[in-house]
Amino acid sequence: AAFLFAGLLPQRRHRLAVRGGLALAGVATVLLLPALNELIRGSMASIEYRLAMYRGGLKMFADYPVWGVGLGAVVNAFYPYQEPLLPDLVDHVHNDWLELGMQAGLVGFIIYSGALLLFARRVYAAWKAAPSTEERCVIGGVIAAALSFILHGLVDFSSHMPANAVWFFALLAWLSARGPAGAAPEPRRAGSFALAAALACALWAVRPAIAYAYVRRAARAPAAERPELWAKAGDWDERSYYQYRRGKALLELAESEPSERESALRDALRANDSALKADPLNHQYRQLQSVLLWHSGRRDDSKRLLSQSAD
């Protein structure tokens with residue numbers, strides 16, 4: 001398809017450059033086939049996890065088809081639909097469109113999809129009315145980038161990643177600013193307001209971004225360093241999930257370092273207890289708390305909490 005589209009370029013040298021680049025990419029793909037095979041084998045587990053999430057998500061959607069379970073509620077509501085293949089907390093089902101239906105039901109799905117279709121109609125008019133081939137190519141490139149984000153949402157949760165979502169809506173804003181030929185220009189104060197809003201959103205995202213940097217470090221750090229890194233992530237972003245993960249890290253430390261067992265279990269109980277206070281119905285938090293109570297010698301409390309979770 002890319003070779004065919006390259007033929008639409010007006011100058012021969014541009015067509016040759018694009019086709020030459022595509023040919024080099026094909027050769028590189030062949031040379032990297034062994035590495036790609038390893039990557040594909042590693043991806044099979046990811047595919048199985050995603051399919052398990054999709055099955056559970058479709059069941060949840062079938063139970064709440066009109067209004068959904070509420071925005072941001074998947075992390076709490078998904079547990080009864082979770083297959084044994086998924087042992088850990090599921091906060092997103094790796095499909096933006098399915099998750100939209102799960103959270104907002106058919107009502108929210110139709111509103112969001114309808115708004116995108118109306119916007120696409122406006123963008124198509126702007127593309128057709130572009131005064132030059134160069135401008136039409138630029139608009140087409142931005143449209144392709146926006147479409148790639150929308151299609152990638154079928155296999156991931158890009159719209160729930162702040163950096164990705166910001167870029168997507170920045171692309172839509174740029175496309176909206178093109179407008180059909182002859183459209184009245186937007187007032188300058190509207191642009192100033194949009195710039196101020198964008199800067200405010202960027203500043204708002206700084207703290208979660210710093211927290212996520214600590215999360216990435218924790219994934220690669222030795223077991224003894226992980227609890228502190230999860231604690232620092234929680235200092236920058238007060239999500240209950242970070243406290244839960246700090247509790248899990250401390251439990252792992254207690255099991256691997258007998259000399260640290262008592263203090264690690266005590267700190268783990270404190271960390272996960274704060275997560276439970278913020279999200280008392282979360283099954284994963286309750287299960288971890290039960291395990292921590294058991295290891296701390298409070299077995300009656302552990303059994304009681306497990307029975308409440310089962311109910």
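Computed over heavy atoms, backbone and side chain alike; hydrogens, waters and symmetry mates excluded.
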task: Run through the side-chain heavy atoms of Ile, Leu, Val, Met, Phe, Trp and Tyr, join any pair under 4.5 Å, and report what else lands in W236's cluster.
output: V206, I210, Y214, L229

query: How long is the gap from CZ on R226 to CZ on R217, to the nearest 0.5 Å?
result: 13.5 Å

query: Can you name the nearest heavy-atom pair linking H295 to L265, along with the distance?
result: O-CD1, 3.7 Å

- prompt: Could you walk me through whether V74 and E99 pass the side chain to side chain contact (heavy atoms under 4.5 Å, CB included) check?
  reply: CA-CA 8 Å; V74 169; E99 190 162 337; 4.0 Å; yes

message: Is there a continuous path of hydrophobic side-chain contacts, each under 4.5 Å between heavy atoms, that joins L154 to I143?
response: yes

message: If you count every heavy atom of other residues, nucleotides or ligands that lies below 6.0 Å from R266 atom CZ, does the total exceed 12?
response: yes

query: How close do A278 and S240 get, heavy atom to heavy atom, and via which atoms?
result: CB-CB, 3.8 Å

query: Judged by modelled atom types alone, do N282 and Y244 share a side-chain donor-acceptor pair under 3.5 Å?
result: no

task: Apply side chain to side chain contact (heavy atoms under 4.5 Å, CB included) to W67 and L106, showing your working.
output: CA-CA 7 Å; W67 301 104; L106 281 172; over 6 Å; no

message: Assess, by modelled atom type and distance only, whether the side chains of D96 and S159 contain a donor and an acceptor separated by less than 3.5 Å.
response: yes

statement: Closest non-hydrogen contact found for A271 with R246 is CB-NH1, 3.8 Å

message: Test side chain to side chain contact (heavy atoms under 4.5 Å, CB included) on I139 and W174; report intermediate values, then the result.
response: CA-CA 9 Å; I139 294 174; W174 187 90; 4.0 Å; yes

- request: Take R299 and L293, measure what side chain to side chain contact (heavy atoms under 4.5 Å, CB included) needs, and give me the verdict at the end.
  value: CA-CA 6 Å; R299 301 193 172 183; L293 289 170; over 6 Å; no

query: Taking the side chain from S113 and the backbone from F109, do they hold a donor-acceptor pair closer than 3.5 Å?
result: yes

statement: Nearest heavy-atom approach of A211 to A233 is CB-O, 3.3 Å

statement: CD1 of I47 to NE2 of H94, rounded to nearest 0.5 Å, is 12.5 Å

message: Quick check on F119: does its CZ atom have over 12 non-hydrogen neighbours (other residues, nucleotides or ligands) under 6.0 Å away?
response: yes

message: Assigning hydrophobic clusters by single linkage (Ile, Leu, Val, Met, Phe, Trp, Tyr; side-chain heavy-atom cutoff under 4.5 Å), is Y49 placed with L98?
response: yes

statement: M102 and F61 have their tightest heavy-atom pair at N-CD1, 4.2 Å

- request: Would you check if the side chain of S176 reaches a backbone N or O of A173 as a donor-acceptor pair within less than 3.5 Å?
  value: no

- prompt: Taking S158 for the side chain and F149 for the main chain, is one N or O donor matched with an acceptor at less than 3.5 Å?
  reply: no

- prompt: Counting only N and O atoms by type, is there a donor-acceptor contact under 3.5 Å from the side chain of Q243 to the main-chain atoms of N272?
  reply: no

message: Working to the nearest 0.5 angstrom, can you tell me the gap between Q103 CD and H160 NE2?
response: 4.5 Å

- line: Separation between NZ (K303) and CH2 (W294), nearest 0.5 Å, reads 5.0 Å

query: Does a donor on one side chain sit under 3.5 Å from an acceptor on the other, for Q284 and Y241?
result: no

task: Decide whether V142 and L151 are clustered together by the hydrophobic rule: side chain heavy atoms of Ile, Leu, Val, Met, Phe, Trp, Tyr closer than 4.5 Å, transitively.
output: yes

- prompt: How about R136: does its CZ atom have over 12 heavy atoms from other parts shown lying under 6.0 Å from it?
  reply: yes

- request: Answer with yes or no whether the hydrophobic clustering places L85 together with M60; edges join I, L, V, M, F, W, Y residues whose side-chain heavy atoms lie under 4.5 Å apart.
  value: yes

message: Looking at every heavy atom in both L86 and M53, which two are closest together, and how far apart are they?
response: CD1-CG, 3.7 Å

- request: To the nearest 0.5 angstrom, please state how far the CG atom of L58 sits from the OH atom of Y81.
  value: 12.0 Å

task: Flag yes if more than 12 heavy atoms outside E238 fall under 6.0 Å of its CD atom; otherwise flag no.
output: no

Flag, side chain of S256 to backbone of E252, donor-acceptor distance under 3.5 Å: yes

task: Would you indicate whether the side-chain heavy atoms of S290 and Q287 approach each other to under 4.5 Å?
output: no

message: With a 4.5 Å cut-off on side-chain heavy-atom distances among I, L, V, M, F, W and Y, is there a chain of contacts connecting L269 to L251?
response: yes

- prompt: Can we call the ring centroids of Y112 and W97 under 6.0 Å apart?
  reply: yes

- prompt: Quick one: does NZ or CZ of R239 land under 6.0 Å from the six-membered ring centre of Y242, within 45 degrees of the ring axis?
  reply: yes

Ion pair K232/D235, N-O distance below 4.0 Å: no

message: If we ignore hydrogens and angles and just use 3.5 Å, is the side chain of D156 paired with the main-chain N or O of N95 as donor and acceptor?
response: no

task: Using a strict cut-off of less than 4.0 Å between a Lys/Arg side-chain nitrogen and an Asp/Glu carboxylate oxygen, indicate whether D273 and R270 qualify as a salt bridge.
output: no

Crowding at OH, Y212 (>12 non-hydrogen neighbours, <6.0 Å): no

field: Atom CD of E262 with >12 non-hydrogen neighbours under 6.0 angstrom
entry: no

- prompt: In Å and rounded to the nearest 0.5 Å, what is the CG to CG distance from L288 to L250?
  reply: 10.0 Å

- prompt: For W167, does the CH2 atom sit with more than 12 other heavy atoms under 6.0 Å from it, leaving out its own atoms?
  reply: no

query: Below 4.5 Å, heavy atoms only, C-beta onward: do Y79 and Q82 meet side chain to side chain?
result: yes

